[in-house]
Amino acid sequence: MNVRNVIVVCDYGYVEGGAARIACETALALSARGLKVTFFCAVGPVSEELKNSTVDVCCLEQKDILQEKNRFKGVLRGLSNRKAKNTFNHLLKKFDPQNTVIHVHTWTKGVSSVIFKVAQKNRFKVFITVHDYFLICPNGGLFNYKKSKICEYKPMSIKCITCNCDARSYSHKVFRVLRQKRQNRNVRRNKNISYIFISDFSKREFLKRYNEIPQENQFFLSNMISFPTERERVVCENNNTYLFIGGITEVKGIRFFCKAVTQARVNASVIGQGILKKELEDQYPNIDFIGWKTKEEMIPYLNQTRCLVFPSIWYECSPLTPLEVMSMGIPVICSDLNAASEQLKDGKDGLIFNGNDVNDLVKVLEQSGNDELIARLSKEAFKSFNDRDFSQDKYVCDLISIFEGNND
């Protein structure tokens, strides 16, 4: 297949999170390669980067379904977005399925799974980058938010359906179960869908729960990450601040971080926003809660960092932050419950702790007080980071090969 056109699908027209960021960067990178790219999204505003590029943007100018004031309207749109269905169908009529592919990143918070039904009707080939577990799990995380632990129930089994695991309420879980049933029909009946996994870790956890995807429809592609053209190592052994970067939420392990750094009596800072920020700020006056910063604004903080602590307690598929800081030679202290642990060689370029045991994190923090150890980890992280493996150029070349069926 000689691909000339790519339709990138994402709930958001701006960088709302890691998946939206990859979606936007993918669209821009493919367009820069000369492909005709259309970015289809539900929620605005559209980012300036997309507006000022050669990418055609089709935005429905809707709200995130959770921000919809009329809850009933939000539920209906979450199950099947009628405007998305009609607009997407009209859009596909402009393209030839023989030279056009659809690349989906997110759909659960805006466009809905109806796009897969429309794609099947119009006989287009679809590729889904598996950023999370919404394809199999109603709440998308294989996680019990009420108990703050990994959920091992079979997705959509009776135990799963009756489990009150949603971060909001059981009524919201019921909506998500209904959405999952609709989605399963739209996705699993479409045999023209391929799945792009972004880490071995997430692929393993995904296929453990749903293994009916033909081998020829499974692909692997690491996310691209951004790093300075001219990299310089942060001299971490001279620093004493342990840094957390990310959403201040339960699943990101922020409580683990706060408890551990407090018990270990080390300097700590948090860059990020989230629903737990005010509570933890009051509870832990010893920790500097900085708020959210742009990448450029983070540089001074990163230059003062001894280690990044990444305590995420859910099966996070392929977090970008650990790799980005490793490119600067900053060692990562990582939970074994997420895919970032795959990128580390424990004791060589980073340190891994038991994500279920805060005392183990305390022990690792105390161990990392050794300047010689941190110098060795930092130098190895900086030296072993391969720019090529995560570069935009490699990502785009490999992605096009996947689209065209030339991937090994």
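At least one donor-acceptor pair under 3.5 Å links the side chain of Asn52 to the backbone N or O of Glu48. Distance alone, capped at 3.5 Å, places no donor-acceptor pair between the Thr129 side chain and the His131 backbone. Between the side chain of Asn239 and the backbone N or O of Thr305, at least one donor-acceptor pair lies under 3.5 Å. Judged by distance alone, with hydrogens and angles left aside, the side-chain atoms of Gln218 form a donor-acceptor pair with the main-chain N or O of Ile213 at under 3.5 Å. With Ser47 contributing its side chain and Tyr14 its backbone, the two residues share no donor-acceptor pair below 3.5 Å. Side-chain atoms of Asn2 never come within 3.5 Å of backbone atoms of Glu404 as a donor-acceptor pair (strictly under, hydrogens ignored). Side chain of Thr106 to backbone of Cys10: no donor-acceptor contact under 3.5 angstrom is found. Remark: the backbone N or O of Gly355 is paired with a side-chain donor or acceptor of Asp336 at under 3.5 angstrom. Arg77 contributes a side-chain N or O that, together with a main-chain N or O of Lys63, makes up a donor-acceptor pair within less than 3.5 Å.
A perpendicular orientation is assigned to the rings of Tyr145 and Phe143, their planes being inclined by more than 60° (bins at 30° and 60°). The aromatic rings of Phe201 and Tyr315 sit perpendicular to each other, their planes meeting at more than 60°, with 30° as the lower class boundary. Ring geometry, His103 versus Phe403: the interplanar angle exceeds 60°, so the pair is classed perpendicular (tilted spans 30 to 60°). Note: Phe244 and Phe257 have tilted aromatic rings, judged against thresholds of 30 and 60 degrees for the angle between ring planes.
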Go through the steps to decide whether Phe385 and Phe390 satisfy the test ring pair (Phe, Tyr, Trp, His ring centres under 6.0 Å), and finish with yes or no. CA-CA 9 Å; Phe385 181 83; Phe390 303 100; 5.8 Å; yes

Determine whether Glu250 and Lys147 satisfy the following criterion, salt bridge (charged side-chain N to carboxylate O under 4.0 Å, His left out), listing intermediate values before the conclusion. CA-CA 10 Å; Glu250 293 284 357; Lys147 296 183 177 180; over 6 Å; no

Give the intermediate values and the outcome of salt bridge (charged side-chain N to carboxylate O under 4.0 Å, His left out) for residues Asp96 and Arg4. CA-CA 10 Å; Asp96 181 354; Arg4 298 179 185 174; over 6 Å; no

Can you list the steps and then say if Ile128 with Phe116 is a side chain to side chain contact (heavy atoms under 4.5 Å, CB included)? CA-CA 10 Å; Ile128 303 174; Phe116 298 109; 3.5 Å; yes

Hey, mind stepping through Lys191 and Glu216 against salt bridge (charged side-chain N to carboxylate O under 4.0 Å, His left out) and telling me if it holds? CA-CA 11 Å; Lys191 304 305 180 186; Glu216 60 268 25; over 6 Å; no

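When every heavy atom of Gln180 is checked against every heavy atom of Ile136, the shortest pair comes out as NE2-C, 3.5 Å. Of all the heavy atoms in Phe39 and Ala27, the pair that sits closest is CD1-CB, 3.7 Å. Residues Lys293 and Ile271 share a closest heavy-atom pair of N-CG2, 4.0 Å.
A salt bridge (Lys or Arg N to Asp or Glu O under 4.0 Å) check over residues 168-183, counting only residues at least two apart or in different chains, returns the pairs Asp166-Arg176.
Listed by chain and number, the residues in a side-chain contact (heavy atoms from CB on, under 4.5 Å) with Cys137 are Tyr133, Asn139, Leu142 (sequence neighbours excluded). A search for side-chain contact (heavy atoms from CB on, under 4.5 Å) contacts involving Lys363 returns Asp360, not counting sequence neighbours. Residues passing the side-chain contact (heavy atoms from CB on, under 4.5 Å) test with Lys383 are Glu380, sequence neighbours excluded. Looking at residues two or more places apart in sequence or on another chain, you find no salt bridge (Lys or Arg N to Asp or Glu O under 4.0 Å) involving Lys203. Listed by chain and number, the residues in a side-chain contact (heavy atoms from CB on, under 4.5 Å) with Asp393 are Arg33, Arg388, Ser391, Cys397 (sequence neighbours excluded).
At a threshold of 4.0 Å, the pair Glu316-Lys252 counts as salt-bridged, since one of the basic side-chain nitrogens sits closer than that to a carboxylate oxygen. Between Lys208 and Glu152 no salt bridge is recorded (no basic side-chain N to carboxylate O distance below 4.0 Å). Salt-bridge check for Asp282 with Lys278: passed, with a basic side-chain N closer than 4.0 Å to an acidic carboxylate O.
Side-chain atoms of Trp107 and Gln183 form a donor-acceptor pair, as typed in the model, at a separation below 3.5 Å. Lys93 and Asn122 share a side-chain donor-acceptor pair at under 3.5 Å. Side-chain contact, Tyr242 with Ser269: no donor N or O sits under 3.5 Å from an acceptor N or O. Checked by atom type, the side-chain pair Tyr12/Asp64 shows a donor-acceptor distance below 3.5 Å. For the residue pair Asn5/Thr100, the side-chain donor-acceptor check at 3.5 Å is satisfied. A donor-acceptor pair shorter than 3.5 Å cannot be found between the side chains of Asn240 and Gln304.
Checking each of Thr26, Thr54, Thr38 against Ser31 for a side chain to side chain donor-acceptor pair (under 3.5 Å) leaves exactly one that passes, namely Thr54.
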